[in-house]
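Letters go in sequence order (proteins before strands), and every chain restarts at 1.
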Amino acid sequence: MKTKGILLDLDSIQENEKSVIRLFVKTENRIEIFKDKNFSPYFYVKALDNKKAIKDIIEKEFEGKEKKFKAIKAEESIEGSIKIYFNSTTDLVEALQQIKEISGITEKREYDFIFTSRYLIDKGLEPLNGIEIEEEEKEINSIKKIETETELNFIAFDLETYSETKFSDAKFDPILMSAVTFFDKKTNKLKTEIITTKKGSNVLLVKEEKEIIEKLKEKIQGKDVLITYNGDSFDLPYAKERARKLKTRFDIGIDGSEPLIRRKGLYNATRVKGIPHFDAYQLVRILARFGIINSIKYDLETIVNSIYGIKKEKIKAEDITRIWKTGEGYEKLLKYNYEDSEYTYKIAFDFFPLMAELGKLTKQTLFEVNRSSASDMVEKLLINKSFQEKKLFPNKPNETEIKKRIMQSLKGGHVREPIAGLHENIAVLDFRSLHPSIMISHNISPETINCKCCKNGKHVSPEGNWFCENKKGFLPSIQKELLDKRTELKNELKKEKNELKKTSLNARQHAMKILLNSFYGYLAYERSRWYSFESAKAVTAWSRYYIKEIAKKAEEQGFTVIYGDTDSAFIKMPKTKTKKDVLDFVKKINLDLPGVMELELEGFFKRGIFVTKKEGTAAKKRYALIDEKDKLKIVGFEYVRRDWSGIAKNTQKKVIELVLKEGKPEKAIQEVKKVIKELKEGKIQKKDLVIFSQIKKSIGSYDAIGPHVSAAKKAIKKGKSIGTGSIIGYIITRNGKSISDKSELEEFVEEGNYDSEYYIKNQVIPAVIKIIQEFGYDEKDLILGGKQSSLSAFG
DNA sequence: TAATTCGCTAGACCGA
DNA sequence: TCGGTCTAGCGAA
């Protein structure tokens with residue numbers, strides 16, 4: 001019988017001592033389980049004498065935990081290796097240890113790879129894409145990928161729980177309510193309901209806590225993707241534990257299992273069999289790593305604000321309990337629960353296409369890709385290609401090798417010292433995808449380096465290594481494929497009118513961009529299977545070479561180069577030069593660049609400012625530009641840093657704006673004076689004084705107790721739970737001697753209790769002084785009344 | 001518990 | 001209480 005569906009999830013189980021793959025497939029209207037009993041785990045070995053080794057392997061009795069077993073098959077395979085099959089993954093693991101007892105075996109390969117990933121790659125399947133199964137009574141005879149439009153039913157949920165202390169403990173504290181959000185087909189809109197035991201808006205009333213869990217379970221059943229915000233560590237483990245306490249089961253898995261909690265260091269990964277658990281918190285972490293979003297904190301309120309610009313109200317744990325007890329503010333609590341669930345749904349929904357595409361490209365399930373690192377993704381992609389090209393992929397490095405790799409240090413990009421001051425008519429040029437384009441254009445790959453044939457060829461790096469011109473490198477050939485496909489998709493995107501198709505095309509090209517940019521890092525990452533220090537070294541050597549060449553040529557053309565960082569050149573156009581001259585220059589450069597390397601014009605800016613450091617030389621990585629539409633671009637300054645107070649950041653922004661937009665340093669000075677006055681008068685609100693900083697290691701292991709550590713320590717004494725990874729918001733109060741003494745967690749500080757001296761001298765003034773100094777003013781002009789200088793910017 | 005290096009700044013820490 | 005050094009965090013690319 002033929003069945004078509006969408007592949008949601010897979011796992012492997014042991015059945016009659018055999019490993020069996022189970023696929024969770026969305027067919028017509030439900031999720032069904034299909035078993036594949038014909039796929040055996042395997043690994044490869046290399047041997048001195050294959051014939052003899054095969055005979056020995058076949059005859060070998062391996063010692064299992066319970067009984068002896070044999071390999072089911074051993075045969076000659078790719079690259080002169082021997083492929084050995086086993087009944088189960090447990091057999092394979094045992095055999096892996098004992099295989100070295102056979103003489104003449106020199107090497108083991110492809111043994112450290114997850115069985116389910118193996119299955120997807122070998123069968124050429126893509127999670128969240130279509131599959132066609134030839135089956136009998138749910139047992140798979142054959143399977144293949146087909147292209148299908150993915151239409152899935154999502155459901156998000158969010159729990160509110162009771163707590164006498166700061167944190168709820170599932171052993172004692174009940175679930176008060178659970179919001180669920182899903183797409184309502186009747187109204188074609190999102191619908192959110194709150195399952196709870198007290199009446200109110202949008203409430204789905206039940207009698208007791210146990211029924212909340214059961215109702216939630218009922219709501220989840222029939223959906224295809226389960227969305228939470230930090231469900232990995234909170235909502236799912238909590239619901240599971242409460243169910244146990246209340247003598248019921250939270251068995252939402254398609255196979256009737258409960259959520260499976262796997263400890264992953266400090267965090268959990270919680271899996272639901274058959275229904276991919278899509279944790280929006282994990283998603284947001286990934287997006288932040290790839291620079292897609294930028295946020296100070298990772299709680300839902302901050303994230304919603306940074307993605308959608310919407311201010312969502314937060315209710316603290318203790319208030320939830322108070323509201324529940326008194327009933328006062330109950331509607332607010334309902335709204336809070338409602339919004340948590342709805343925004344969680346929205347974030348996950350909006351970024352689902354991107355994650356789905358990353359999953360398809362790297363052959364990872366949604367659950368996996370949702371918790372995957374950049375190196376994971378590149379590695380899976382490479383392994384997949386390796387399989388397609390019938391090659392053996394490299395082993396993971398052992399710990400000794402990893403340590404050796406860490407010892408090596410790599411020189412990075414070139415940063416040019418800026419010319420400090422105010423500049424006008426700036427053109428910013430930059431290389432399009434610098435690292436990938438260097439890798440592709442110079443064929444940089446671990447196996448093309450220093451080949452026999454091309455020592456004096458085109459691809460000799462500035463530091464001496466060279467790369468083959470005859471044989472295409474493994475890594476760059478994949479990058480080229482991605483690049484070409486991406487260009488094609490972007491062209492299609494331009495023509496496409498249908499919004500849904502546009503979303504999907506855009507997600508695909510974005511996924512490719514992310515992967516493309518991760519190759520270089522993977523090459524230089526110590527745990528990489530395709531590690532090549534010398535290759536990575538060549539990439540950066542070339543990057544330095546090319547960007548310096550651009551600067552040199554720009555100067556030869558009569559431009560002044562005012563700055564450059566890694567892949568960019570900021571050039572100042574003298575009066576005699578036009579925009580066309582800049583574009584012609586770019587064009588000319590591109591004629592000489594090799595392969596796919598390309599210089600682009602990022603934009604024209606009417607003004608820009610670079611400042612000096614304390615020691616007097618110009619500061620790199622901090623500047624501000626204003627374009628022709630008066631749009632500011634502020635880089636590196638305190639304004640973009642979370643470890644500065646709002647009052648300092650906002651004042652700095654205003655100063656930059658006044659100076660760049662209107663060329664009025666005098667106005668800027670007035671502005672700063674005004675802020676200083678308000679600070680002195682105690683008028684500044686708490687929220688503008690908070691400084692955020694992360695506790696990056698265990699609180700006891702600090703040598704230097706800075707303000708954030710000090711505030712954290714005090715808060716811990718008061719019963720707050722703060723650990724590695726916590727982001728602290730603190731305020732410098734009037735109570736104490738040193739800055740650290742005065743530092744206190746924001747929530748413990750009364751409105752108005754702040755050290756105005758600190759905020760003036762250590763926050764506002766340092767944030768603006770370097771900028772106004774460029775106009776001939778100094779600190780005295782900010783504190784004293786009179787104006788010391790009358791220099792004007794454009795006078 | 002998983003990409004890299006370059007660069008800036010603050011504030012503690014320490015010895016004179 | 002000073003100045004130099006070191007620890008720490010965060011951002012740019």
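Taking only side-chain atoms of A:Arg641, from C-beta outward, the nucleotide of C:dG11, B:dA2, B:dA12 with the closest atom is C:dG11. The side chain of A:Glu526 lies closest to B:dT4 when the candidates are B:dA12, C:dG9, B:dT4. With C:dA12, B:dA2, B:dA12 as the candidates, the nucleotide lying closest to the side chain of A:Ser738 is B:dA12. Checking C:dA13, B:dA12, B:dC8 against the side-chain heavy atoms of A:Ala704 singles out B:dA12 as nearest. Taking only side-chain atoms of A:Lys613, from C-beta outward, the nucleotide of B:dC8, B:dA2, B:dC6 with the closest atom is B:dC8. Looking at the side chain of A:Val640, the nearest of the listed nucleotides C:dG9, C:dA12, B:dA10 is C:dA12. Taking the side chain of A:Trp644 as heavy atoms from C-beta on, and the options C:dC10, B:dA12, B:dT9, the nearest nucleotide is B:dT9. Out of B:dA2, C:dG9, B:dC8, the shortest distance to the side chain of A:Ser373 is found at B:dA2. Residue A:Ser693 has its side chain nearest to C:dG9 when only C:dG9, C:dA8, B:dA3 are considered.
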- Go through A:Arg262 and A:Asn268 one step at a time and tell me if the side chain to side chain donor-acceptor pair (under 3.5 Å) criterion holds. CA-CA 6 Å; A:Arg262 191 163 55 96; A:Asn268 291 332; over 6 Å; no
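For the pair A:Asp567 CG and B:dT4 P, the interatomic distance rounds to 19 Å; values are reported in whole Å. Between the CZ atom of A:Arg405 and the P atom of B:dA3 there is a distance of 14 Å, rounded to whole Å. One atom, CZ of A:Phe637, and another, C1' of C:dA12, lie 13 Å apart when rounded to the nearest Å. Atom pair A:Trp530:CH2 and B:dA3:C1' shows a separation of 16 Å (rounding to whole Å applied). Counting to the nearest Å, the C1' atom of C:dA13 and the NE2 atom of A:His435 are 8 Å from each other. In this structure, A:Lys621 places its NZ atom 4 Å from C1' of C:dA12, rounding to the nearest Å. The nearest whole Å value for the distance from the CZ atom in A:Phe290 to the P atom in B:dA2 is 12 Å. Atom CD1 in A:Ile727 sits roughly 15 Å away from atom C1' in C:dA8 (whole-Å rounding).
Here A:Tyr702 lies in heavy-atom contact (under 4.0 Å) with sugar-phosphate atoms only. Residue contacts for A:Ser518: at a heavy-atom cut-off of 4.0 Å it reaches no nucleic acid atom on any strand shown. Using a 4.0 Å heavy-atom cutoff across all strands shown, A:Asn762 reaches sugar-phosphate atoms only and no base atom. Note on A:Tyr623: only backbone sugar-phosphate atoms sit closer than 4.0 angstrom, heavy atoms only; bases stay farther off. Counting any heavy atom pair closer than 4.0 Å across all strands shown, A:Tyr525 reaches a base atom. A:Lys696 comes within contact range of the sugar-phosphate backbone alone, with a heavy-atom separation under 4.0 Å but no base atom that close. The residue A:Phe533 sits apart from the nucleic acid: no heavy atom pair falls under 4.0 Å. Backbone-only engagement by A:Ser740 is indicated by non-hydrogen atom pairs under 4.0 Å involving sugar-phosphate atoms exclusively. Using a 4.0 Å heavy-atom distance criterion, A:Gly521 is classed as a base contact. Looking at heavy-atom distances under 4.0 Å, A:His414 makes no contact with the nucleic acid at all.
Considering A:Thr228, A:Asn230, A:Asp232 as possible partners of A:Gln282, the one that fulfils the side chain to side chain donor-acceptor pair (under 3.5 Å) test is A:Asp232. Among the candidates A:Lys761, A:Arg734, A:Lys742, the single residue satisfying the salt bridge (charged side-chain N to carboxylate O under 4.0 Å, His left out) test with A:Asp755 is A:Lys742.
Look at A:Lys404 and A:Glu399 and you find no salt bridge, because none of the NZ, NE, NH1 or NH2 atoms lies under 4.0 Å from a carboxylate O.
Relative to the ring axis of A:Tyr702, A:Lys697 places its NZ or CZ within 45° and under 6.0 Å from the centre.
Checking side-chain atoms of A:Lys686 against main-chain N and O of A:Ile731 turns up no donor-acceptor pair under 3.5 Å.
As rounded to the nearest Å, B:dA3 and C:dA12 have C1' atoms that lie 15 Å from one another.
Between A:Gly412 and A:Ile739, the residue anchored nearer the 5' end of DNA chain B, judged by the nucleotide with its closest heavy atom, is A:Gly412. Of the two residues contacting DNA chain B, namely A:Lys770 and A:Asp741, the nearest-nucleotide position lying further toward the 5' end is that of A:Lys770.
Put simply, A:Tyr520 has no side-chain N or O that comes within less than 4.0 Å of OP1 or OP2 on C:dA13. Proximity of A:Ser375 to the phosphate of B:dA3: a side-chain N or O atom is located under 4.0 Å from OP1 or OP2.
By the 6.0 Å contact criterion, NZ on A:Lys613 is enclosed, its count of non-hydrogen atoms from other residues, nucleotides or ligands being greater than 12.
The base of B:dC8 lies outside donor-acceptor range of the side chain of A:Arg622, with no N or O pair under 3.5 Å.
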